[in-house]
Amino acid sequence: MNMDSIVSLCKRRGFLFQSSEIYGGLQGFWDYGPLGVELKRNVKEAWWSDMVNGHDDMSTLAGAPSPYAMEGLDCTIIMHPQVWKCSGHYDLFHDHMVDCRETKKRYRYDQINGRWVEAKGRKIFVTAPAGEDEQEHFTKQTLKFFKLRNKHIDDLKWDGPVVCLTDLDNFEEVLGPDAKSLGSLTEPREFNLMFKTFVGALSGEEGAAFLRPETAQGIFVNFKNVLDSTRHRLPLGIAQIGKSFRNEITPRNFTFRSREFEQMEIEFFCHPDQSQDWYRYWRDRRLKWYHDLGISSDNLIMREHHQNELAHYSVGTADIEYAFPFMSDGEYGELEGVSHRGDFDLRSHMEGKLDEKSNDLALQLNADGKPKWKGSGKDLSYRDDLTNEKYVPHVIEPSAGADRAALAFLCEAYTEDEQPDEKGKMQTRTVMKLHPRLAPIKAAIFPLVKKDGMPEVAKDVYLDLKKHFKVFYDEKGAVGRRYRRQDEAGTPYCITVDGQTLEDQTVTIRDRDSLEQTRIKIDECESVIRDRIRQ
RNA sequence: GCGGGUGUAGCUCAAUGGCAGAGCUCCAGCCUUCCAAGCUGGUGGUGAGGGUUCGAUUCCCUUCACCCGCUCCA
């Protein structure tokens with residue numbers, strides 16, 4: 001199986017198109033076609049129904065420490081700019097970077113220091129990543145550049161103090177931190193991974209705002225509102241589905257890394273002492289969700305992050321990853337991250353941006369000792385009115401990509417098998433074996449031939465089923481061809497009106513995967529399809 | 001962002017410095033009682049912009065997009 005045939009089918013059948021295709025497309029943006037939009041809606045609907053509306057808050061679910069509540073939320077894409085300053089996204093996403101053309105390395109513009117140095121009658125600006133041993137690095141780089149030995153160290157004429165690269169106007173005489181030749185650094189470029197826009201008529205910085213790079217922050221800043229309006233006790237999960245935007249440097253691999261994408265996120269708030277158990281619960285629960293919707297365990301893995309990969313406040317993070325066809329053997333692409341975020345997010349919005357590198361997650365301060373980004377000052381802690389205990393809840397975050405899930409389901413469904421044609425000759429059949437819950441069209445209704453009153457009966461069946469499901473009517477051409485078309489669309493069931501229908505009010509229902517046909521009464525169509533979808 | 005490759009019909013692929021072609025698909029009609037049958041007819045195309053030229057899909061430049069590798073992936 002290769003990605004090209006999947007991409008080709010998606011275009012041909014109307015699952016996915018390139019955005020603005022008639023103008024040549026736009027990198028990192030994709031449109032869902034008529035079948036694609038149904039698939040994606042079904043993915044989101046399955047998630048919302050399984051996680052939120054269908055959640056059983058009365059029972060202790062398997063693997064869970066206790067019953068818990070779930071609520072939904074739908075926040076705006078543009079939020080107060082301070083949200084992103086306190087969350088850390090602003091600083092992280094706002095860097096100016098320089099690239100080294102020679103070594104292909106990339107550096108933060110404001111974290112490269114350097115000094116003018118002269119030797120052999122030539123003056124260059126030697127650089128190093130800012131840090132304690134930068135002078136050592138300068139010396140080493142300079143000696144190497146001028147092809148001098150350690151004993152000539154005193155011949156180097158240093159000119160002026162160490163300054164930041166940001167103080168230089170041009171880089172022609174600059175030796176990159178790891179380069180061998182001069183002028184290999186590019187001009188600084190703003191790597192603003194957040195899309196910037198302007199609120200109101202002002203186009204200056206005071207009106208600047210950002211499209212959200214994740215939906216999570218909307219949940220954190222509304223935590224208190226949800227608690228107060230629903231009167232829930234912890235543990236409580238708050239769910240949201242919505243668009244997020246990241247100005248990815250290298251969108252690649254079809255819809256896998258897009259600049260506009262949709263997330264399905266839960267922020268699960270609980271007592272710190274129980275957070276480890278909840279973390280394990282959500283990790284296992286979310287993995288099972290993909291399994292239950294048809295992703296085989298061969299293609300799905302749970303990858304626990306190593307200690308050194310974790311943000312230091314995080315107790316654990318596990319990625320649920322899928323073996324996409326565009327990845328090389330043994331490699332997987334992330335579908336969902338389940339992370340234990342401690343109280344980092346709520347505290348950030350209370351106190352201000354926290355310093356992730358500090359051991360006790362202290363407030364990040366400016367040079368003048370003031371908070372770098374001030375928080376809301378609002379108390380986001382929780383008082384348990386049974387125990388009278390007050391604490392800042394810990395958070396477990398299962399964060400899934402709706403587009404990535406849809407893509408994984410498409411890849412998993414794509415199958416080519418051999419089926420006999422009417423002469424008994426084996427032909428390749430392309431079939432999308434989507435789970436019936438996810439299939440864009442639940443059933444197609446055909447008259448076996450376009451005469452003898454069959455179309456009239458079939459249309460009645462169609463119109464009746466249309467009230468309950470997304471169904472499709474087709475009477476054109478040979479019935480075999482119509483079956484094959486539905487196979488490519490992933491339609492799980494085809495209902496055919498034939499000669500016998502006119503005598504006893506029965507139709508055949510054909511199963512996409514097994515090709516088996518069973519005869520059922522017209523009246524039973526709705527309940528049979530409903531039962532089969534639910535399985 | 002760097003290097004390499006590719007852009008011709010919905011798909012797969014031809015051809016050419018001088019009217020752009022085939023198969024499949026699709027549409028209409030005929031035929032047809034269960035898995036892409038057959039017959040007849042039909043729709044439809046050189047990614048975008050510029051240059052060279054009497055004439056460019058073809059040669060050159062720019063750009064956009066996609067693919068592969070590197071880089072990146074909060």
Side-chain angles (χ1 to χ4, degrees), chain A residues 2-5 7-14 17-30 33 84 87-95 97-106 184 186-187 189 191-194 213-214 216 244 246-254 256-259 309 311 317 319 326 328 333-334 337 339 356 399 417-431 446-452 454 475-488 494-502 507-512 515-517 519:
Chain A
N2 72 60
M3 202 59 204
D4 287 346
S5 28
V7 173
S8 169
L9 182 139
C10 284
K11 166 100 196 277
R12 190 167 68 242
R13 290 298 178 197
F17 306 126
Q18 242 186 311
S19 168
S20 327
E21 195 194 68
I22 62 169
Y23 288 106
L26 187 59
Q27 202 183 23
F29 296 92
W30 299 89
W84 309 112
S87 72
H89 289 89
Y90 181 84
D91 289 344
L92 196 64
F93 283 15
H94 212 251
D95 298 334
M97 307 290 281
V98 293
D99 287 320
C100 180
R101 296 186 189 93
E102 181 191 317
T103 64
K104 310 295 181 203
K105 289 194 178 178
R106 176 170 295 155
S184 65
T186 62
E187 290 296 300
R189 280 175 299 225
F191 272 61
N192 196 339
L193 267 57
M194 283 196 291
E214 61 172 39
S244 289
R246 294 180 192 180
N247 205 357
E248 296 287 353
I249 298 157
T250 317
R252 200 64 82 82
N253 291 330
F254 207 23
F256 182 76
R257 175 164 293 127
S258 302
R259 288 177 163 140
E309 275 183 280
T317 294
D319 285 346
F326 48 76
S328 36
E334 182 184 343
S339 30
E356 290 186 34
S399 168
D417 62 12
E418 298 270 312
Q419 298 297 344
D421 63 16
E422 68 165 8
K423 291 171 186 145
K425 203 177 133 200
M426 296 307 274
Q427 300 280 352
T428 300
R429 175 180 80 133
T430 302
V431 50
F446 308 145
L448 184 57
V449 288
K450 200 166 45 173
K451 62 179 187 187
D452 298 343
M454 292 181 202
E475 60 179 28
K476 294 186 210 89
V479 74
R481 183 185 301 259
R482 285 177 260 155
Y483 286 143
R484 292 299 171 84
R485 263 196 291 254
Q486 292 308 310
D487 289 340
E488 277 201 350
C494 290
I495 290 169
T496 305
V497 169
D498 56 14
Q500 195 179 329
T501 308
L502 307 172
V507 291
T508 60
I509 179 164
R510 172 228 194 222
D511 182 89
R512 176 195 66 202
L515 279 73
E516 275 173 17
Q517 285 181 291
R519 189 162 280 278

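Within every chain, numbering begins at 1; the chains are lettered A, B, ... in the order of the sequence lines, protein sequences first and strands thereafter. Because the structure is predicted, anything quoted here is derived from the model rather than measured.
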B:G42: pairing nucleotide in any strand, Watson-Crick or G-U under 3.5 angstrom | B:C26

Write down the distance separating the P atoms in B:U8 and B:C70, rounded off to the nearest Å.
-> 27 Å

Sub-4.5 Å side-chain heavy-atom contact between A:Glu475 and A:Val497 | no

Closest-nucleotide ordering on RNA chain B, the 5'-leading residue of A:Glu488 and A:Lys11 | A:Lys11

Taking only residues two or more places apart in sequence, or in another chain, which ones meet A:Arg512 in a side-chain hydrogen bond (donor to acceptor under 3.5 Å, both in side chains)?
-> none

Any side-chain heavy-atom pair from A:Trp84 and A:Glu214 closer than 4.5 angstrom?
-> yes

When rounded to the nearest Å, what value does the distance between C1' atoms of B:U46 and B:A15 take?
-> 12 Å

Expressed as a whole number of Å, how far does the P atom of B:U57 sit from that of B:A20?
-> 10 Å

What's the CZ-C1' distance between A:Phe17 and B:G47, to the nearest Å?
-> 18 Å

Side-chain donor/acceptor of A:Asp498 to backbone N/O of A:Gln500, under 3.5 Å | yes

Under 4.0 Å between any heavy atoms, over every strand shown, what does A:Arg482 touch: base, sugar-phosphate, or nothing? Just pick one.
-> nothing

What is the distance from CD1 of A:Ile22 to P of B:G49, rounded to the nearest Å?
-> 13 Å

Can you check whether A:Cys494 reaches A:Phe446 side chain to side chain, under 4.5 Å on heavy atoms?
-> yes

Separation between the C1' atoms of B:A48 and B:A65, rounded to whole Å = 10 Å

Does some side-chain heavy atom of A:Thr317 sit less than 4.5 Å from a side-chain heavy atom of A:Asp319?
-> yes

Any donor-acceptor pair under 3.5 Å linking the side chain of A:Arg259 with the backbone of A:Gln27?
-> yes

What integer distance in Å separates A:Leu9:CG from B:U12:P?
-> 12 Å

Could I get a table of every N or O pair under 3.5 Å where one atom is in the protein and the other is in nucleotides 60-67 of chain B?
unit_1, atom_1, unit_2, atom_2, d
B:C64, O2', A:Gly24, O, 3.3
B:A65, OP1, A:Gln27, N, 3.2
B:A65, O4', A:Gly24, O, 3.0
B:A65, O3', A:Gln18, NE2, 3.1
B:A65, O2', A:Gln18, NE2, 2.7
B:C67, OP1, A:Phe254, N, 3.4

Every protein N/O within reach of nucleotides 25-34 of chain B N/O, cut-off under 3.5 Å:
unit_1, atom_1, unit_2, atom_2, d
B:U25, OP1, A:Arg481, NH1, 3.3
B:C26, OP1, A:Arg485, NH1, 2.4
B:C26, OP2, A:Arg481, NH1, 2.8
B:U33, O4, A:Asp452, OD2, 3.2
B:C34, O2, A:Tyr483, OH, 2.6
B:C34, O2, A:Gln517, OE1, 3.4
B:C34, O2, A:Gln517, NE2, 2.9
B:C34, N3, A:Gln517, NE2, 3.2
B:C34, N4, A:Asp498, OD2, 2.7
B:C34, N4, A:Thr508, OG1, 3.4

The single option from A:Arg482, A:Lys11, A:Arg12, A:Arg429 that satisfies salt bridge (Lys or Arg N to Asp or Glu O under 4.0 Å) with A:Glu488 is A:Arg12

Aromatic ring proximity, centroids under 6.0 angstrom, A:Phe326 and A:Phe256 = yes

When you compare B:C30 with B:G17, how far apart are their C1' atoms, in angstrom units rounded to a whole number?
-> 46 Å

Take atom P in B:C24 and the same atom in B:G7, then report the distance between them in whole Å.
-> 24 Å

Sticking with atom C1', work out how far B:A14 lies from B:G69, rounded to a whole angstrom.
-> 30 Å

For B:U32, the Watson-Crick or wobble partner whose two distances fall under 3.5 Å | none

Should B:A37 form a Watson-Crick or G-U wobble pair with both distances under 3.5 Å, which nucleotide is its partner?
-> none

Answer for the Watson-Crick or wobble partner of B:G69, both distances under 3.5 Å, is B:C2

C1' atoms of B:G47 and B:G42, separation to the nearest Å | 27 Å

Just call it for A:Glu248: base, sugar-phosphate, or nothing, with non-hydrogen atoms closer than 4.0 Å on any strand.
-> base

Student check: side-chain heavy atoms of A:Tyr483 and A:Leu515 closer than 4.5 Å | no

Using the glycosidic torsion, which applies to B:C19: syn (within 90° of 0) or anti (everything else)?
-> syn

